[in-house]
J.: 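Sharing a structure, written as structure tokens. Questions coming.
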Number of protein chains: 2
Amino acid sequence: MTDQSVTKAKRQRRPDDRPAEILAAALSVFAEKGFSQARMEDVAARAGLSKGALYLYFPDKVALLKALVQQAIGGQISLAAEMLAQLNGPVSPLVIHLAQILASRVQDTPFPYILKLVIAESQAHPEIGRFYLENVIRQAMPIIEALLARGIAAGEFREVNVPHAVKSLMGPFLLSALWRSVFEPLGAEAVDVRGLITQHVDIFLKGLRP
Amino acid sequence: MTDQSVTKAKRQRRPDDRPAEILAAALSVFAEKGFSQARMEDVAARAGLSKGALYLYFPDKVALLKALVQQAIGGQISLAAEMLAQLNGPVSPLVIHLAQILASRVQDTPFPYILKLVIAESQAHPEIGRFYLENVIRQAMPIIEALLARGIAAGEFREVNVPHAVKSLMGPFLLSALWRSVFEPLGAEAVDVRGLITQHVDIFLKGLRP
DNA sequence: ACCCCTAATGACTGACCAGTCAGTAACTAA
DNA sequence: TTAGTTACTGACTGGTCAGTCATTAGGGGT
């Protein structure tokens, strides 16, 4: 009952664990209040640190946001790229599989909140937006384009403009991500991301039949 | 050459024109810097006013944003509702027509910037987000749902989950709006909104065939 | 010409907060 | 035990900016 972890958490030295804890705290504070409304003291308090200690680990507030975005996207794209490039055979099952993976990213990870932060802060801090553009969008789009192009070449899909088709496919992911991070907190009814995506991919693939 | 409108624009009294000018100035400043980075003095300067005068027309900064959102969406939805309800016959041409109207909103109006502002500020100012949810999303969705349901009832479309289908249809609009307002300013290649939407609707309608 | 009302001004205030730094506590090695 | 090292603290500073208000200028009415 006099335990420090519950009541007051007295001063501790564990430099190895701090960065991850700070990032987790930052994500939850930023998601709750938005970047510019979030105070560094809030982040510090939630991480169980003083404000000063924050600055031992991150040079400034923007660095926190950058690290958050960087951590959230990780090396996941190059991973997916390898997976999709190596599998051959019909493309449709791959599209379905890819869509399911992305749906669970939207449903079960903080990705929607990261995305909202990127959108919100991209003109105040263009480096953030540019980082996302370079490392997520410009990585992911050619992979999906290649996938659809393969389907067209194999006669599995009819001839369409491939970059446009990629956006047709991805649009509803963006919509459900923002729905979750922006409108659900305001009281909108929850989206059934998996159901939506399953049906969307079905419509999309049928719509692409020759 | 000593004209006041070009060089210095001396103090003038024209209370009737001010509100619209202030809103136009606010939109351009907010779109450029984002809401929280935008200074009231910037808005005032761009509207050709002093900061103090701004407060004669709008009680505070958030009121400016609210008025902007309100003006941008106007009564356009109820208008569209009437149009779609009165026309009968096959649904597909109506979907195509509706999509073209929305595409031009994305392409030719500041709507994408308004949307970005709503997304960015909705947790700092939930009233803004809630206003958009109530007056845009919750107005527009039932209209499109009714349209698709009519198509299903008439045997024009196969049986699908209608709310999901609406999101499949609308996703790419959201994507192109945010592409224009967020990523194009960062150097991303421009989207051909009309081309994208034309093809998207084509895929969507073919994908819904019984 | 002179009021007088009201639009408009801009210097000012008060609150807020990112980032700093002199000092303190925890741990370590001798 | 103690001297040295490093993690951590929190009061403080400097700058920013939304919103205010005493004052000034415009211009219609008489």
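Given the structure is predicted, the values throughout are model-derived calculations rather than measurements. In the text below, chain A, chain B and the rest are named by the order of the sequence lines, each starting its count at 1.
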J.: Could you give the CG-to-P distance, from A:Leu54 to D:dA7, as a whole number of Å?
T.: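 Going from A:Leu54 (CG) to D:dA7 (P), I get 15 Å.
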J.: Taking only residues two or more places apart in sequence, or in another chain, which ones meet A:Arg39 in a salt bridge (Lys or Arg N to Asp or Glu O under 4.0 Å)?
T.: A:Asp42
J.: Could you check how far CZ of B:Arg18 sits from C1' of C:dA7, rounded to whole Å?
T.: 8 Å
J.: What pairs of residues pass the salt bridge (charged side-chain N to carboxylate O under 4.0 Å, His left out) test when at least one of them lies in residues 59-69 of chain B, not counting sequence neighbours?
T.: B:Lys66-B:Glu127
J.: Please identify each residue that fulfils side-chain hydrogen bond (donor to acceptor under 3.5 Å, both in side chains) with B:Glu21, with sequence neighbours left out.
T.: B:Arg14
J.: If you look at every strand shown and take non-hydrogen atoms under 4.0 Å, does A:Phe58 touch a base, only sugar-phosphate, or nothing?
T.: nothing
J.: Among all residues two or more places apart in sequence or in another chain, which pass the ring pair (Phe, Tyr, Trp, His ring centres under 6.0 Å) test with B:Phe30?
T.: B:Phe35
J.: Mind checking if A:Ala38 touches a base, just sugar-phosphate, or nothing, with heavy atoms under 4.0 Å?
T.: sugar-phosphate
J.: Look for any protein N or O under 3.5 Å of an N or O in nucleotides 19-21 of chain C and output each such pair with its distance, or none.
T.:
{"from": "C:dG19", "atom 1": "OP2", "to": "A:Tyr55", "atom 2": "OH", "distance (Å)": "3.2"}
{"from": "C:dG19", "atom 1": "OP2", "to": "A:Lys61", "atom 2": "N", "distance (Å)": "3.0"}
{"from": "C:dG19", "atom 1": "N7", "to": "A:Lys51", "atom 2": "NZ", "distance (Å)": "2.9"}
{"from": "C:dG19", "atom 1": "O6", "to": "A:Lys51", "atom 2": "NZ", "distance (Å)": "2.7"}

J.: Given atom CZ of A:Arg39 and atom P of D:dG10, what is their separation to the nearest angstrom?
T.: 15 Å
J.: Check whether B:Gln123 reaches the backbone of A:Val182 with its side chain - one donor and one acceptor, N or O, closer than 3.5 Å.
T.: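 The answer is no, because no donor-acceptor pair under 3.5 Å joins these two groups.
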J.: I need the CG-P distance between B:Leu56 and C:dC5, as an integer number of Å.
T.: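 B:Leu56 atom CG is separated from C:dC5 atom P by 18 Å.
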J.: Mind checking side-chain hydrogen bond (donor to acceptor under 3.5 Å, both in side chains) for B:Gln139 and listing every partner two or more places apart, or none if nothing turns up?
T.: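 With neighbours one apart ignored, the set is empty.
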J.: Should B:Tyr57 be listed as having a side-chain N or O under 4.0 Å from OP1 or OP2 of C:dA7?
T.: no
